[in-house]
Amino acid sequence: MNKQIETRVGNNIRMLREKAGITQEQLAVKLQINGCDMTRSAIAKIEVGQRHLYPDEVILIKKILKISYDEIFNI
């Protein structure tokens, strides 16, 4: 994966999460409730581009934050 793209996507997720008024911990809990085993620490790493996203995680984040794929992948 391209580090610059991962960093940009992570930053987009952070901004969209904050815009929704959801903390990293709250997002992690919502993901876990929906069957995605992700910790707050993993979300923090995604937001700074240190961990890549799996397709099922992207789908759930989109659903939970009520955002579009374009907003996530706006590079």
Side-chain angles (χ1 to χ4, degrees):
M1 237 14 230
N2 182 307
K3 179 67 173 165
Q4 289 177 332
I5 292 172
E6 286 185 347
T7 300
R8 181 60 192 223
V9 168
N11 190 51
N12 290 346
I13 289 172
R14 180 188 55 78
M15 289 188 311
L16 294 162
R17 176 185 56 73
E18 289 175 347
K19 184 178 177 184
I22 296 175
T23 66
Q24 290 176 341
E25 185 67 34
Q26 290 168 326
L27 180 56
V29 168
K30 289 175 186 269
L31 286 162
Q32 291 169 7
I33 289 170
N34 283 282
C36 183
D37 187 24
M38 188 181 298
T39 64
R40 187 216 52 84
S41 176
I43 292 170
K45 289 179 181 178
I46 288 166
E47 291 183 354
V48 296
Q50 292 180 348
R51 180 188 178 282
H52 69 275
L53 284 160
Y54 293 98
D56 59 329
E57 295 170 344
V58 174
I59 291 166
L60 278 176
I61 289 170
K62 175 191 175 290
K63 178 183 170 186
I64 291 166
L65 296 180
K66 298 179 177 125
I67 56 177
S68 69
Y69 292 116
D70 285 343
E71 290 174 291
I72 294 171
F73 295 106
N74 181 19
I75 308 217

Apply side chain to side chain contact (heavy atoms under 4.5 Å, CB included) to residues Glu57 and Leu31 and explain how you reach the verdict. CA-CA 8 Å; Glu57 295 170 344; Leu31 286 162; 5.7 Å; no

Could you point out which residue of Arg14, Met38, Arg51 forms a side-chain contact (heavy atoms from CB on, under 4.5 Å) with Ile43? Met38

Taking C-beta and beyond as the side chain, do Asn34 and Lys63 meet within less than 4.5 Å on heavy atoms? yes

Measure the NZ-CG distance between Lys45 and Leu53 for me, rounded to the nearest 0.5 Å. 13.5 Å

How long is the straight-line distance from CD of Gln26 back to CZ of Arg40, given to the nearest 0.5 Å? 12.5 Å

So CD of Gln24 and CD of Glu18: to nearest 0.5 Å the spacing works out to 8.5 Å

Only one of Ile61, Leu60, Leu65, Ile64 forms a side-chain contact (heavy atoms from CB on, under 4.5 Å) with Lys30, so which one is it? Ile64

Determine, step by step, whether Tyr54 and Ile59 satisfy the side chain to side chain contact (heavy atoms under 4.5 Å, CB included) criterion, reporting the C-alpha distance in whole Å, the side-chain angles of both residues, the deciding distance to 0.1 Å, and the verdict. CA-CA 9 Å; Tyr54 293 98; Ile59 291 166; over 6 Å; no

Phe73 with Ile5, same ILVMFWY side-chain cluster at under 4.5 Å: yes

Could you grab the distance from atom CD1 of Ile22 to atom NZ of Lys66, nearest 0.5 Å is fine? 7.5 Å

Should Tyr69 and Leu27 be regarded as members of a common hydrophobic cluster, given that ILVMFWY residues are connected when their side-chain heavy atoms come within less than 4.5 Å of each other, either directly or indirectly? yes

May I ask you to decide if Asn74's main-chain N or O and Asn12's side chain share a donor-acceptor pair within less than 3.5 Å? yes

Working to the nearest 0.5 angstrom, can you tell me the gap between Ile72 CD1 and Leu16 CG? 7.5 Å

